[in-house]
**Student:** 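Following this message is one structure expressed as structure tokens.
Throughout, numbering of the chain's residues begins at 1 and tracks the sequence.
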Amino acid sequence: MQTVGAPEFNTRPAPSPSGTWIVNELGTEEQRKAYGHLWLVFGVSEPVAGSDPSAMITNAKYDPQTDEYILNGEKTFISNIDLGDGVVVVAKGEPDENGKRPFYNIVLLKGTPGFTLGKPWRKLGTRYQNLGGFSMVDVRVPAMNVLGNGFVNIQTRLNVNRPVQSALGLGMCRSILDFTQEKLAKTGVKVDYAAGRSARGNVDDKLIRMEALWEATWGVIMQCKWLEQQLGQTSKDFQTQVAMAKAMAGKATRQITQGCMEILGPEGLSEDYLAEKYFRDARIIDIYEGPGEIHRLAIARKLLGYRKGELD
């Protein structure tokens with residue numbers, strides 16, 4: 001069946017996945033030469049810990065006799081793990097003299113003994129992108145595969161991704177808003193933006209509120225990218241703005257797609273149009289790359305001056 005309605009936009013995986021980006025941006029010259037040309041995804045989330053690095057249990061133990069690291073653990077919610085050459089997996093090392101366990105980002109290639117991929121999941125939305133997991137049982141990798149700046153790598157890459165994912169959700173909202181107004185126009189309903197609130201109907205008022213939320217979110221995302229250019233990706237102000245953009249985008253995608261589906265009624269549910277696809281795809285925007293609740297905590301800590309353990 002040929003789908004008609006709001007125009008589709010490009011939601012396919014980026015040409016440079018997260019793991020490859022980390023190798024080329026933060027790896028040594030030797031690591032870039034060995035792995036920078038490969039398709040490497042990023043393995044952070046775990047079945048119990050989610051994407052919280054502090055709760056991660058995947059571990060890496062160094063073997064000085066072979067100059068290798070031994071990996072054990074499990075990862076899940078990994079985008080496109082079935083594609084390409086391997087993964088940059090995040091693991092915790094052995095405790096140092098202070099009892100602190102360092103983070104390691106380790107290049108792990110497919111075909112390595114003990115590295116087992118799970119089956120791709122069946123999902124409600126974002127079907128253009130496969131999602132799955134993998135397990136590691138006594139997987140040995142050369143010490144050369146360990147990238148530097150463990151925890152910094154995680155935050156830097158995720159902060160680069162989050163405004164992009166926020167904009168993706170906002171793109172879905174723009175398409176379903178335009179489609180909704182086109183459908184209303186065919187029935188003789190046209191939103192009068194100049195009319196006062198008391199002179200507007202419920203549908204008009206609802207659409208105007210959703211448009212206002214869209215514009216406010218767009219402004220936050222644009223400011224986020226501007227701060228990235230002005231202050232750099234490691235700036236605290238940029239990181240706070242990233243959290244604001246992601247939290248607002250998650251809220252906007254949920255509210256706008258839900259609101260448009262309520263206005264569209266049966267036509268919103270029809271597979272002849274893309275509205276139902278946007279409704280399904282938009283739900284993940286408020287979950288992956290950090291759920292909205294976590295970003296709101298990060299914003300509150302920054303604005304109120306709390307440490308991590310004081311506001312959970």
**Student:** Should we say atom CD of Glu30 is surrounded by more than 12 heavy atoms from elsewhere, each under 6.0 Å from it?
**Tutor:** no

**Student:** Give a yes or no answer on whether the side chain of Gln239 reaches the backbone of Thr234 with a donor-acceptor pair at less than 3.5 Å.
**Tutor:** yes

**Student:** Is any side-chain N of the basic residue among Glu267 and Lys183 closer than 4.0 Å to the acidic one's carboxylate O?
**Tutor:** yes

**Student:** Would Gln233 and Asn159 count as a side chain to side chain contact (heavy atoms under 4.5 Å, CB included) here? Give the steps.
**Tutor:** CA-CA 7 Å; Gln233 296 172 351; Asn159 280 334; over 6 Å; no

**Student:** Test of understanding: clusters of I, L, V, M, F, W, Y form through side-chain heavy atoms closer than 4.5 Å, transitively. Do Val220 and Val160 belong to the same one?
**Tutor:** no

**Student:** Taking the side chain from Arg101 and the backbone from Gly93, do they hold a donor-acceptor pair closer than 3.5 Å?
**Tutor:**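 Looks like yes, one N/O pair under 3.5 Å.
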
**Student:** Go through the steps to decide whether His295 and Met244 satisfy the test side chain to side chain contact (heavy atoms under 4.5 Å, CB included), and finish with yes or no.
**Tutor:** CA-CA 7 Å; His295 290 299; Met244 292 180 180; over 6 Å; no

**Student:** Quick one: are Arg209 and Leu213 in side-chain contact, heavy atoms under 4.5 Å?
**Tutor:** no

**Student:** Between the side chain of Ser235 and the main-chain N/O of Gly232, is any donor-acceptor distance below 3.5 Å?
**Tutor:** no

**Student:** Take Asn130 and Asp82 through the test side chain to side chain donor-acceptor pair (under 3.5 Å) and record every step on the way to the result.
**Tutor:** CA-CA 7 Å; Asn130 291 334; Asp82 57 321; 2.7 Å; yes

**Student:** Donor-acceptor pair, Thr217 side chain versus Ala252 backbone, under 3.5 Å?
**Tutor:** no

**Student:** Any side-chain to backbone donor/acceptor pair from Asp96 onto Gly99? Under 3.5 Å, distance only.
**Tutor:**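 Side chain of Asp96 to backbone of Gly99: a pair is present.
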
**Student:** Hey, what do you get for CD1 (Ile22) to CG (Leu40), rounding to the nearest 0.5 Å?
**Tutor:**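 These two atoms lie 9.5 Å from each other.
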
**Student:** Over all heavy atoms of both residues, which pair between Cys224 and Val242 is shortest? Give the atoms and the distance, please.
**Tutor:**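 Taking Cys224 first and Val242 second, the nearest heavy atoms are SG-CG2, 3.5 Å.
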
**Student:** Counting N and O atoms only, with roles assigned by atom type, does the side chain of Gln31 sit under 3.5 Å from a partner on the main chain of Met144, one being a donor and the other an acceptor?
**Tutor:**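 Yes; at least one donor-acceptor contact below 3.5 Å.
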
**Student:** Please confirm whether the ring centroid of Trp121 lies under 6.0 Å from the ring centroid of Phe77.
**Tutor:** yes

**Student:** For the residue pair Ile106 and Ala60, what are the closest heavy atoms and their distance?
**Tutor:** CD1-CB, 3.9 Å

**Student:** In terms of heavy-atom contacts, does CD1 of Ile57 have more than 12 from other residues, nucleotides or ligands at under 6.0 Å?
**Tutor:** no

**Student:** Does one hydrophobic cluster hold both Trp218 and Ile208, with members joined at side-chain heavy-atom distances below 4.5 Å?
**Tutor:** yes

**Student:** State, with a plain yes or no, whether a side-chain heavy atom of Arg301 is found less than 4.5 Å away from one of Leu304.
**Tutor:**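 No; the side chains remain at least 4.5 Å from each other.
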
**Student:** Check whether any side-chain heavy atom of Val137 lies under 4.5 Å from a side-chain heavy atom of Asn72, and answer yes or no.
**Tutor:**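 Yes, their side chains come closer than 4.5 Å.
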
**Student:** Which residues pass the salt bridge (Lys or Arg N to Asp or Glu O under 4.0 Å) test with Lys251, sequence neighbours left out?
**Tutor:**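 Partners of Lys251 by the salt bridge (Lys or Arg N to Asp or Glu O under 4.0 Å) criterion come out as none, since no residue qualifies.
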
**Student:** Give the C-alpha distance, both sets of side-chain angles, the deciding distance and a yes or no for side chain to side chain donor-acceptor pair (under 3.5 Å) between Tyr193 and Asp204.
**Tutor:** CA-CA 8 Å; Tyr193 291 93; Asp204 289 22; over 6 Å; no

**Student:** Tell me whether Arg32 contacts the main-chain N or O of Gly27 through its side chain, where contact means a donor paired with an acceptor under 3.5 Å.
**Tutor:** yes

**Student:** Salt bridge between Lys277 and Asp281, side-chain N to carboxylate O under 4.0 Å?
**Tutor:** yes

**Student:** Looking at Tyr278, Phe279, Phe179, which hits ring-ring contact (aromatic ring centres under 6.0 Å, His included) with Tyr273?
**Tutor:**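 One option only clears the test, and that one is Phe179.
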
**Student:** Do the charged groups of Asp63 and Arg140 touch, with an N to O distance under 4.0 Å?
**Tutor:** yes

**Student:** Keeping Asn24 on the side-chain end and Gly36 on the backbone end, is there a donor-acceptor pair under 3.5 Å?
**Tutor:** yes

**Student:** What heavy-atom pair brings Ser18 and Asn161 nearest, and what distance separates the two atoms?
**Tutor:**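 The answer is OG-ND2, 3.3 Å.
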
**Student:** Tell me whether Glu29 is salt-bridged to Lys33, with the criterion being a basic N under 4.0 Å from an acidic carboxylate O.
**Tutor:**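 No, Glu29 and Lys33 are not salt-bridged.
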
**Student:** What's the verdict on side chain to side chain contact (heavy atoms under 4.5 Å, CB included) for Met210 and Ile263, showing C-alpha distance, side-chain angles and the deciding distance?
**Tutor:** CA-CA 12 Å; Met210 290 190 293; Ile263 293 173; 4.0 Å; yes

**Student:** In the single-linkage hydrophobic clustering (I, L, V, M, F, W, Y; side-chain heavy atoms under 4.5 Å), do Trp214 and Val203 co-cluster?
**Tutor:** yes

**Student:** Could you check whether Arg174 pairs with Glu215 (Lys NZ or Arg NE/NH1/NH2 to Asp/Glu carboxylate O, under 4.0 Å)?
**Tutor:** no

**Student:** How about Asn59 and Leu71: do any of their side-chain heavy atoms sit closer than 4.5 Å?
**Tutor:** no

**Student:** Going hydrophobic residue to hydrophobic residue with side-chain gaps under 4.5 angstrom, can you get from Leu124 over to Ile285?
**Tutor:**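 Looking at the clustering, Ile285 is in a separate group from Leu124.
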
**Student:** Quick one: does Met136's side chain get under 4.5 Å of Leu108's, heavy atoms only?
**Tutor:** yes

**Student:** Strictly distance-based, threshold 3.5 Å: is any side-chain N or O of Ser175 a donor or acceptor partner for the main-chain N or O of Met172?
**Tutor:**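 Judged by distance alone, no pair lies under 3.5 Å.
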
**Student:** Measure the acute angle between the ring planes of Phe134 and Phe115, then classify it against the limits of 30° and 60° as parallel, tilted or perpendicular.
**Tutor:** perpendicular

**Student:** Decide yes or no for Tyr35 and Asn145: does some side-chain heavy atom of the first lie under 4.5 Å from some side-chain heavy atom of the second?
**Tutor:** yes

**Student:** Apply the test side chain to side chain contact (heavy atoms under 4.5 Å, CB included) to residues Leu269 and Glu276: give CA-CA distance (whole Å), side-chain angles for both, the deciding distance (0.1 Å), then the verdict.
**Tutor:** CA-CA 5 Å; Leu269 300 175; Glu276 59 87 24; 5.6 Å; no

**Student:** Starting from the C-alpha separation in whole Å, work towards a yes-or-no answer on side chain to side chain donor-acceptor pair (under 3.5 Å) for Glu74 and Thr58.
**Tutor:** CA-CA 6 Å; Glu74 184 179 2; Thr58 296; over 6 Å; no

**Student:** Donor-acceptor check, side chain of Lys206 to backbone of Gly201, threshold 3.5 angstrom: yes or no?
**Tutor:**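 Here the side-chain-to-backbone pair does not exist.
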
**Student:** Taking all atoms of both residues into account, what is the closest heavy-atom pair of Ile81 and Val41, and its distance?
**Tutor:**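 Closest pair (atom of Ile81, atom of Val41, distance): CD1-CG2, 3.7 Å.
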
**Student:** Can you check whether Asn105 reaches Val89 side chain to side chain, under 4.5 Å on heavy atoms?
**Tutor:**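 SC-SC contact between Asn105 and Val89 ruled out.
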
**Student:** Answer yes or no: are there more than 12 heavy-atom neighbours, outside Lys61 itself, under 6.0 Å from its atom NZ?
**Tutor:**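 No, not enclosed.
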
**Student:** State whether Lys246 and Asp286 are salt-bridged, where the test is any N-O pair (Lys NZ or Arg NE/NH1/NH2 against Asp/Glu carboxylate O) under 4.0 Å.
**Tutor:**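 No, Lys246 and Asp286 are not salt-bridged.
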
**Student:** Measuring only between side-chain heavy atoms, which start at C-beta, is Gln223 closer than 4.5 Å to Gln241?
**Tutor:**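 Result yes, sub-4.5 Å side-chain heavy-atom pair found.
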
